[in-house]
Protein chains: 2
Amino acid sequence: MARERKFNTVELFNEAKQLLLHNGYDGFTFSHLADRMQVSRAALYKYYENKEELITDLMIYEMEEFLHELKEIEKLEGFEKQFDFLMDIIFKKTEIHHLIKAAVHVIARLDRSNTNKEKLEKLPLEMYTYLNSFILKGKEDGKLKSHIPDSLIIGFILQSVAIPNHFRIPHQEWLNSIKEIIRQGMFNNC
Amino acid sequence: MARERKFNTVELFNEAKQLLLHNGYDGFTFSHLADRMQVSRAALYKYYENKEELITDLMIYEMEEFLHELKEIEKLEGFEKQFDFLMDIIFKKTEIHHLIKAAVHVIARLDRSNTNKEKLEKLPLEMYTYLNSFILKGKEDGKLKSHIPDSLIIGFILQSVAIPNHFRIPHQEWLNSIKEIIRQGMFNNC
DNA sequence: ATTAAAAGTTACATTAGTGTCACTTATATT
DNA sequence: AATATAAGTGACACTAATGTAACTTTTAAT
């Protein structure tokens with residue numbers, strides 16, 4: 001009975017993600033997004049009460065997708081292979097790191113009235129849990145130094161995607177160097 | 001002949017820095033700053049044409065101060081001591097890292113009419129030059145792995161302050177672990 | 001005491017975004 | 001063909017920030 005929709009959720013999320021990564025939370029506006037979707041601003045309000053709701057929905061979608069991919073790590077045998085898989089996936093989906101950072105920022109501002117808040121708060125934790133069991137395995141196998149805090153190990157790995165490659169070092173060389181530093185450090189004497 | 005000023009530049013910069021680090025570039029407003037300085041908004045326009053000018057002035061001030069402290073690195077003998085000094089100074093002035101990131105963001109938005117643009121663009125370069133000669137020394141001394149790109153080494157060190165310490169690991173333990181990872185990595189097998 | 005001039009304030013016009021509501025349009029079902 | 005209904009639009013009132021201009025206040029020098 002209804003008229004055909006001019007856009008679907010996936011299209012909207014893709015545009016929204018671009019806008020968010022480009023302009024940041026504050027620079028992200030319904031006006032802007034509506035323009036890009038070739039639709040009136042008011043139309044967006046048919047689906048989302050405000051930008052907070054849209055952004056939290058988007059983040060839940062993105063993080064769930066990432067978690068889904070991350071779960072594949074369980075299928076791999078041995079810590080070394082898991083480590084490589086993790087690094088590759090993080091560098092394949094660089095955006096997720098920025099979105100997670102943005103999420104922390106957004107969560108802080110949400111009031112408890114937002115129905116998404118609970119769900120959104122759980123996801124980074126779920127991710128940490130996954131990574132944590134990976135870290136644990138690494139320590140049990142004697143691969144990872146046991147005296148280094150788990151949260152620092154996770155933080156270091158996740159943070160490494162954010163190092164700006166100002167001089168455009170080729171991707172593979174860059175990634176391999178990062179893996180080496182994480183594994184063995186940047187100092188020679190061993 | 002003139003009336004006494006209600007605030008000086010240093011006070012203004014301190015408040016501005018807090019605001020900027022807390023609210024980000026977009027959340028930083030003259031209204032807000034004026035409130036905190038207990039002064040009318042229009043008064044700020046007596047000294048700065050707009051927030052862009054204020055923020056670029058602030059960044060130049062902060063980065064020059066940081067560079068000044070960084071120069072002390074030359075007085076130290078030996079790469080190891082210089083490395084420790086660098087890590088300590090970076091973790092003592094955590095803000096500078098966030099300000100530099102913000103600076104990159106601000107520079108991108110500046111139009112060439114802004115008189116500060118040139119000056120602001122030079123400062124990160126000057127910093128990189130300093131750090132670069134330190135890296136070079138490390139490589140020449142055989143301390144640093146020579147096949148790892150200089151810019152990655154610098155990036156890794158600078159980025160390490162941004163790892164969120166969610167679980168409030170005590171500062172010294174946190175810093176020492178970071179130094180260890182940077183030096184020798186997080187893997188056991190050597 | 002007068003006065004020049006910088007310091008500061010109040011009030012206004014402008015801009016860009018928000019959220020809402022009455023309205024129009026398209027389309028599948030009857 | 002008629003109609004119910006979801007999709008979409010245009011116009012309105014509201015808010016928060018910007019930048020400017022006319023103004024008042026303070027104070028050191030004459």
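When reading the values below, keep in mind they use all heavy atoms of this one structure, side chains included, and skip hydrogens, waters and symmetry mates. Sequence lines set the chain letters: A, B, ... in the order given, protein chains first and strands last, and positions in each chain run from 1.
Using the six-membered ring where Trp is involved, B:Phe187 and A:Phe79 have ring planes that are tilted, between 30° and 60° apart.
Nucleotide D:dA7 holds its C1' atom 14 Å from the CG atom of A:Leu12, rounded to whole Å. In this structure, B:Tyr48 places its OH atom 16 Å from C1' of C:dG8, rounding to the nearest Å. In this structure, the NZ atom of A:Lys51 is 6 Å from the P atom of C:dT18, given to the nearest Å. Between the C1' atom of C:dT14 and the CG atom of B:Asn50 lies a distance of 16 Å, rounded to the nearest Å. Atom CD of A:Glu53 is separated from atom P of C:dT18 by 15 Å (rounded to the nearest Å). For the pair A:Glu52 CD and C:dG17 P, the computed distance is 18 Å after rounding to whole Å.
Under 4.0 Å is where a charged nitrogen must lie from a carboxylate oxygen, and between B:Asp150 and B:Lys139 at least one such pair does. Ion pairing between A:Asp88 and A:Lys179 holds under the 4.0 Å rule for side-chain N and carboxylate O. A salt bridge links A:Asp84 with A:Arg183: at least one charged nitrogen is closer than 4.0 Å to a carboxylate oxygen. Ion pairing between B:Glu72 and B:Lys75 holds under the 4.0 Å rule for side-chain N and carboxylate O.
Within residues 25-45 of chain A, the residues having any heavy atom under 4.0 Å from DNA chain D are, by residue number, A:Val39, A:Ser40, A:Ala42, A:Ala43.
No more than 12 heavy atoms of other residues, nucleotides or ligands lie within 6.0 Å of NE2 in A:His22, so this atom counts as exposed by the packing criterion.
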- Do nucleotides 23-30 of chain D as a string where each nucleotide becomes B, S or -: B if the base has a protein heavy atom under 4.0 Å, S if just the sugar-phosphate does, - if no protein is that close. --BBBS--

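Residue contacts for B:Tyr47: at a heavy-atom cut-off of 4.0 Å it reaches the sugar-phosphate backbone alone, with no base atom in range.
B:Arg41 forms no cation-pi arrangement with B:Tyr45, by the criterion of a distance under 6.0 Å to the ring centre and an angle within 45° of the ring axis. Under the 6.0 Å distance and 45° angle rule, B:Lys17 does not count as a cation-pi partner of B:Tyr61.
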